[in-house]
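A quick write-up on the structure given underneath.
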There are 2 protein chains.
Amino acid sequence: MKRRNTPTKEAVLEVLKTAGKAMSQDAIEQEIHMDINRATIYRVLNRFCEDGVLHRIVADDGKQYFALSDKNDNNKVSDNHFHFKCLACDTIECLPNEVSFTVPNAYSVAHMNCVLTGICKDCS
Amino acid sequence: MKRRNTPTKEAVLEVLKTAGKAMSQDAIEQEIHMDINRATIYRVLNRFCEDGVLHRIVADDGKQYFALSDKNDNNKVSDNHFHFKCLACDTIECLPNEVSFTVPNAYSVAHMNCVLTGICKDCS
DNA sequence: CTAACAAATGCGACACAATTGCATTAAAGA
DNA sequence: TCTTTAATGCAATTGTGTCGCATTTGTTAG
Ligand SMILES: [Mn+2]
Ligand SMILES: [Mn+2]
Ligand SMILES: [Zn+2]
Ligand SMILES: [Zn+2]
């Protein structure tokens with residue numbers, strides 16, 4: 001079960017670091033200058049999510065997008081921030097703003113997927 | 001462009017009213033005791049969303065769920081509340097709690113899709 | 001009540017995202 | 001260098017949602 005270092009892993013991570021925004025599998029594949037199989041990219045992305053290196057955002061198009069995770073002090077993944085999808089430039093990004101919520105009694109929240117849609121700073 | 005009343009429309013609405021929670025197309029189809037085509041149900045649901053009768057939630061499984069809209073005073077649809085997906089009973093429901101957010105300067109928000117996941121009151 | 005128009009439906013095909021089984025390749029430690 | 005098994009490529013598969021087109025049916029005008 002120990003993870004191995006592979007060119008694919010590094011390439012995927014590099015693309016996401018450079019982009020600085022959330023990306024889908026096909027967007028990543030386009031940016032990678034290597035011929036890597038679709039399924040492999042998905043597997044790499046899923047493993048990164050399991051390991052807390054990335055986090056997954058599901059947008060209202062039903063597609064999965066992936067972005068780097070900043071782990072906090074406790075090495076715990078935090079997906080507790082809003083995401084923003086721009087209707088103009090079609091970019092999905094992590095906002096710094098935390099999701100603050102209250103839920104009715106006896107509900108407990110394990111994780112969240114919150115996407116705001118509108119016009120981003122670059123397109124306004 | 002004027003809408004017509006059909007048995008399908010009424011059946012779909014009835015199912016959603018009775019359920020009192022968000023449902024996917026296939027869940028609705030199972031609950032309807034009529035043989036209605038998949039595409040037709042989708043078209044009915046889409047029309048209801050256009051008309052503000054329903055609103056659409058995209059969960060983190062990438063699927064669309066539909067729930068009744070309470071229109072507010074101005075007859076405007078409000079999807080600005082949290083949704084909750086229970087990991088135990090697999091139910092998706094509208095929470096009464098509003099989504100309050102702040103976004104960085106020059107961002108403008110048109111709509112939102114916020115789903116919290118965890119354990120609901122019935123399952124805790 | 002009937003005819004005419006167009007909205008709604010059924011059916012099949014399609015598009016697309018994501019996953020899976022299985023044979024093959026290659027990373028890492030001994 | 002050898003062994004182990006994680007990672008990959010490929011093809012097939014699953015699943016959701018949409019679309020074109022012929023047909024049906026709700027609505028309204030006459
Ligand atoms: Mn994020
Ligand atoms: Mn809702
Ligand atoms: Zn933008
Ligand atoms: Zn529950």
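Just so it is clear: chains get the letters A, B, ... in the order the sequence lines come, proteins before strands, and each one is counted from 1.
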Would you kindly give the [atom1]-to-[atom2] distance between [X] and [N], to the nearest whole Å?
X	N	atom1	atom2	result
A:I41	C:dT20	CD1	P	17 Å
A:M23	C:dA18	CE	P	14 Å
A:N5	D:dT5	CG	C1'	15 Å
B:L45	C:dT9	CG	C1'	14 Å
B:R47	D:dG26	CZ	C1'	12 Å

| query | Less than 3.5 Å between a donor and an acceptor, one on the side chain of B:R3 and one on the base of C:dA7, is that the case here? | reply |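 By the distance-only test, no, there is no pair.
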Would you say [X] reaches [N]'s phosphate, i.e. side-chain N/O to OP1/OP2 under 4.0 Å?
X	N	result
B:T6	C:dA7	no
B:K2	D:dT28	yes
A:R4	D:dT4	no

| task | Answer with yes or no whether the hydrophobic clustering places A:M23 together with A:F82; edges join I, L, V, M, F, W, Y residues whose side-chain heavy atoms lie under 4.5 Å apart. | result |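 A:M23 and A:F82: separate clusters.
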Taking all heavy atoms of [X] and all of [Y], pick out the closest pair and write down the distance.
X	Y	value
A:I119	A:C86	CA-SG, 4.0 Å
B:P104	A:L95	CD-CD2, 4.0 Å
A:L16	A:F66	CD2-O, 3.4 Å

| message | Among residues 29-37 of chain A, which ones have heavy-atom contacts with DNA chain D below 4.0 Å? | response |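 Per residue number, the list reads A:D35, A:I36, A:N37.
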| query | Which residues, if any, of residues 14-22 of chain A bring a heavy atom under 4.0 Å of DNA chain D? | reply |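 Residues of residues 14-22 of chain A under 4.0 Å from DNA chain D: none.
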| task | For B:T8, answer base if it contacts any base atom (sugar-phosphate contacts may also be present), sugar-phosphate if it contacts only those atoms, and nothing otherwise; contact means non-hydrogen atoms under 4.0 Å. | result | sugar-phosphate
Contacts under 3.5 Å, N or O only, protein and nucleotides 14-17 of chain C:
residue	atom	partner	partner atom	Å
C:dA17	OP1	A:K63	NZ	3.4

| query | Among A:D61, A:D60, A:D90, whose side chain to side chain donor-acceptor pair (under 3.5 Å) with A:K85 holds? | reply |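 Testing each of A:D61, A:D60, A:D90 against A:K85, the sole residue satisfying side chain to side chain donor-acceptor pair (under 3.5 Å) is A:D60.
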Check: [X] side chain, [Y] main-chain N or O, donor-acceptor pair, under 3.5 Å:
X	Y	answer
B:N113	B:V58	yes
A:D51	A:V53	no
A:K63	A:Q25	no

| task | Describe, in one word, how the ring planes of B:H81 and B:H55 are oriented to each other, choosing from parallel (under 30°), tilted (30 to 60°) and perpendicular (over 60°). | result | perpendicular
| Residue B:R43, side-chain heavy atoms: nucleotide from D:dA7, C:dG10, C:dA27 that is nearest | C:dG10
| task | Check whether any side-chain heavy atom of B:L54 lies under 4.5 Å from a side-chain heavy atom of B:L13, and answer yes or no. | result |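 Sidechains of B:L13 and B:L54: in contact.
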| Heavy atoms, side chains only, cut-off 4.5 Å: are B:Y65 and B:K21 in contact? | no
